[in-house]
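Some notes on the structure that comes next.
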Amino acid sequence: MIQKKFENAAKAVADIQDGATLLVGGFGGSGLPSYLVAALVEQGAKDLTVVSNNIGAVSDGVAALISNNQVRKIICSFPVGPHADDLIERLKKGTIELEIAPQGTLAERIRAGGAGVPAFYTPTGAHTELGEGKETRLFDGQMHLLEHAIKGDYAFIKAHRADRWGNLVYRKTQRNFNPVMATAAKTTIAEVNEIVEVGEIDPETIVTSSVFVHRLVQAEAQHEGKVLVNE
Amino acid sequence: MIQKKFENAAKAVADIQDGATLLVGGFGGSGLPSYLVAALVEQGAKDLTVVSNNIGAVSDGVAALISNNQVRKIICSFPVGPHADDLIERLKKGTIELEIAPQGTLAERIRAGGAGVPAFYTPTGAHTELGEGKETRLFDGQMHLLEHAIKGDYAFIKAHRADRWGNLVYRKTQRNFNPVMATAAKTTIAEVNEIVEVGEIDPETIVTSSVFVHRLVQAEAQHEGKVLVNE
Amino acid sequence: MSKDQQQVIGWTMPELASRVAMDLEDGWFVNLGIGLPTLVADFIPEGREIIFHSENGLLGLGPKPEPGEEDMDLVNAGKEPITLRPGGSYFSQSESFAMIRGGHLDAAVLGAFQVSEYGDLASWKLPNATLGRVGGAMDLTVGSKRVFLFMQHTSNKGEAKIVEECSFPLTAPRCVNRIYTNLAVIDVTDDGLVVRELAPGVTFEYVQECTAAPLKLHASSDMQSEALKVQQ
Amino acid sequence: MSKDQQQVIGWTMPELASRVAMDLEDGWFVNLGIGLPTLVADFIPEGREIIFHSENGLLGLGPKPEPGEEDMDLVNAGKEPITLRPGGSYFSQSESFAMIRGGHLDAAVLGAFQVSEYGDLASWKLPNATLGRVGGAMDLTVGSKRVFLFMQHTSNKGEAKIVEECSFPLTAPRCVNRIYTNLAVIDVTDDGLVVRELAPGVTFEYVQECTAAPLKLHASSDMQSEALKVQQ
């Protein structure tokens, strides 16, 4: 019988090794899997490549992993905010690498990773600093960049409700990067508010299908609702 | 005030010109916008390029446009079935062109068209007859094909329920090609069983957002449920 | 088909479906091709949850509906009415094939016209046909973690379907992992085709005779398979 | 900002927001950038339905919630709590940017550091900054059918923001269609920058003085704009 639920976040993240690539959902504090991130700070895996849209909006997001010196490289679109100081300091020391990607390119690269598309062309970023060094090609006379898929060893995502098979529904703009990241990792771990029996979620409303979710963790009460707007 | 509803299918398809590219949703009879197709048979536009997964499963699908000599080129994955005879005859006479695409490549090319991605690489079809003449490239040592986006001048799609803004929900496997084709046409015309007021569809359940739908037509009773499995 | 003696040599198709089902592991996501492979769904061993995928846009394919209960908005990849199991979900073609191409399915069980000793598959077009019917076959063979074939060992005319090199148009090269036929279960390995299991009453020599590529016998497969209980 | 005399020359920011709102047509889908552009939502003329897009994944952005009614799962691209209008919908980032990049938005109203006479935009990174904040700016400028800028005519230090060539890192070249500032409404045309409208009490000569690129006066814009009623 399919059973994806782990007892707690610590057990769900226990096997993450140094050097792993990790996708972290959320947009600021909304849809951020903060219980899983906290467990990984505790677990201590190092030299991580982290892919996440924001890094500094809230202290219990990716910023916590950076401050704890667990991140070797960060790929994001918006590396600013109240908790970006530790990132700036490490960039100056050269102990962390930063790759800035336009938000849509970031989302599409992750989608491509989940969809078996190794690379695609996009007009976004052409003729800009972020396109420098990238392969270019004209389509209909307009310059496009070749962008490559992003895949994770692990994805940390946040959803509202799961069933035992791992089907997920989200609340409102909590979706953001979560559904797309769920598709692009070898092991997708979902932090959810509620786990229900199979059949209790209307099949027409399922956003992330069970095939994409490998582990489920019930969010702990103290982590729910803790995150404030840019703190 | 936004008002996308047309009085009937005839008026919704009236401006389709000879030579237009048309995306037609449906998988066999399921999710087939047969009322719109019937109106286009009546309207008579010629030299159409039609993109549709199947052509011969039901007589009131794309087969009807082929039999009525309105199609110059057809792009599909499954050009067989009980109503393919007229296609075969026209292929032999050279009056129609057929492009067969793997189903996933077809879906992804249409998605790319809707998503502003002019081209992408896929492993599907490499080293096969369907990959002949296509640009290839190795990723991780595996051969991939460069596939180009498909966009339509019009898309005919079928959905279950719409609201006045054009938000859509589908019933079960009626989705098939409909949500993706809805994104890839200059003018998307949706045939629906029911049109409700804005706010009556739960926002968490909307599959096709209003931005993708330009015209709404209420399906006529005699066209509903008419389509049988492979007839 | 009625002239085909192989129908009564070795496993019947339901028995073969049951044999394939034994190899599908608890929790796997599996696509069953149109036609014969759909039989597999009826033989999942008790207590195992296998989630079937249909490329037209659903996970959690259930059995056929009772007569009169058919819903034309709920069909499988063969356009036949089916049902959805609790826990099932619906999605569009682009999502369905993202799932397939992205490597999320544990196995696809497909039919075949020909398969080569290297695991090349030909399944979508006969050599002289005006039209092919590719559907999702190329995506499934390229994207699925495992490709299993479910087929009669030879063609209706008695010609070998397992060959040194495919003469029919390819679906994908080097994609098949295991071949289930009425005569045997055969693995495609780096070391060539290896017979893992023989159907009751079938000898290795007979299988080789019906096969146009060299076979090896797996070290542990010298026993006839006899314990297969068809659970219908 | 407090030293900025431009705050009281020409239009106030709410007046400017109202001026932008006048140009958004019934039924348009529009993205409002973080910061000043969000003001526009408050000034949509009666009877017009404009559907606002937020790139973090919604269409149908409504006003800010009442104090105490904030829902942290319902935020805009600035991560501020907002509401959803009836008819609104939610979607993921990949869908949101497919919408943007695919050309489905009628307009984006964005802020700017600099804009060139050719419509090149610089808005994501200051020249000597360690970090840029690109977010969705590059996608929006490339993908939206129209790009409108909503900005103070000059920088806080009084430097021209409308220039012959951007010296700051580009967001996208040749992407801006119209510039709304406290002083004027300026079109980017094949024929250069054309002033379509002057704020009350502002002369063409003054606008030119505050601009580091040549301006033309539109044939029909020799009258001062005075009829702008701020509907708040």
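No experiment lies behind these values; they were computed from the predicted model shown. Letters go in sequence order (proteins before strands), and every chain restarts at 1.
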Picking from Asp71(C), Val134(C), Asp73(C), which has the most non-hydrogen pairs under 4.5 angstrom with chain B? Asp73(C)
Return a table of donor-acceptor pairs under 3.5 angstrom between the side chains of residues 94-101 of chain B and protein atoms on other chains or two or more places apart.
{"unit_1": "Thr95(B)", "atom_1": "OG1", "unit_2": "Arg90(B)", "atom_2": "O", "d": "3.4"}
{"unit_1": "Glu99(B)", "atom_1": "OE1", "unit_2": "Lys73(B)", "atom_2": "NZ", "d": "3.1"}
{"unit_1": "Glu99(B)", "atom_1": "OE2", "unit_2": "Arg109(B)", "atom_2": "NH1", "d": "3.0"}

Could you tell me whether Lys151(B) atom NZ has more than 12 heavy atoms of other residues or ligands within 6.0 Å of it? no
Phe212(B): partners by ring-ring contact (aromatic ring centres under 6.0 Å, His included), with sequence neighbours left out: His104(D)
Over 12 non-hydrogen atoms of neighbours within 6.0 angstrom of CZ in Arg215(B): yes
What closest approach, in Å, do Leu130(B) and Trp124(C) show between heavy atoms, and which atom pair accounts for it? CD2-CH2, 3.7 Å
Could you tell me the separation between the CD atom of Glu55(C) and the CD atom of Gln103(B), rounded to the nearest 0.5 Å? 6.0 Å
Select one option (side chain, backbone, both, neither) describing which atoms of Ser89(C) are under 4.5 Å from chain B's heavy atoms. neither
Within 6.0 Å of NZ in Lys157(C), more than 12 heavy atoms from elsewhere: no
Non-hydrogen contacts under 4.5 angstrom with chain B: give the residues of residues 90-101 of chain C involved, or none if there are none. Tyr90(C), Phe91(C), Ser92(C), Gln93(C), Ser94(C), Phe97(C), Arg101(C)
On a heavy-atom basis, the closest approach of Pro79(B) and Leu131(C) is O-CD1, 2.9 Å
So if I take each residue of residues 170-179 of chain B and look for any heavy atom under 4.5 Å from a heavy atom in chain C, which residues do I end up with? Arg171(B), Lys172(B), Thr173(B), Gln174(B), Arg175(B), Asn176(B), Phe177(B), Pro179(B)
Counting only N and O atoms by type, is there a donor-acceptor contact under 3.5 Å from the side chain of Thr128(B) to the main-chain atoms of Leu170(C)? no
Report the distance from atom CE of Met138(C) to atom OG1 of Thr122(B), rounding to the nearest 0.5 Å. 11.0 Å
Picking from His127(B), Gln142(B), Glu129(B), Arg111(B), which has the most non-hydrogen pairs under 4.5 angstrom with chain C? Glu129(B)
Hey, mind stepping through Lys79(C) and Asn54(B) against side-chain contact (heavy atoms from CB on, under 4.5 Å) and telling me if it holds? CA-CA 11 Å; Lys79(C) 304 177 190 79; Asn54(B) 311 91; 3.0 Å; yes
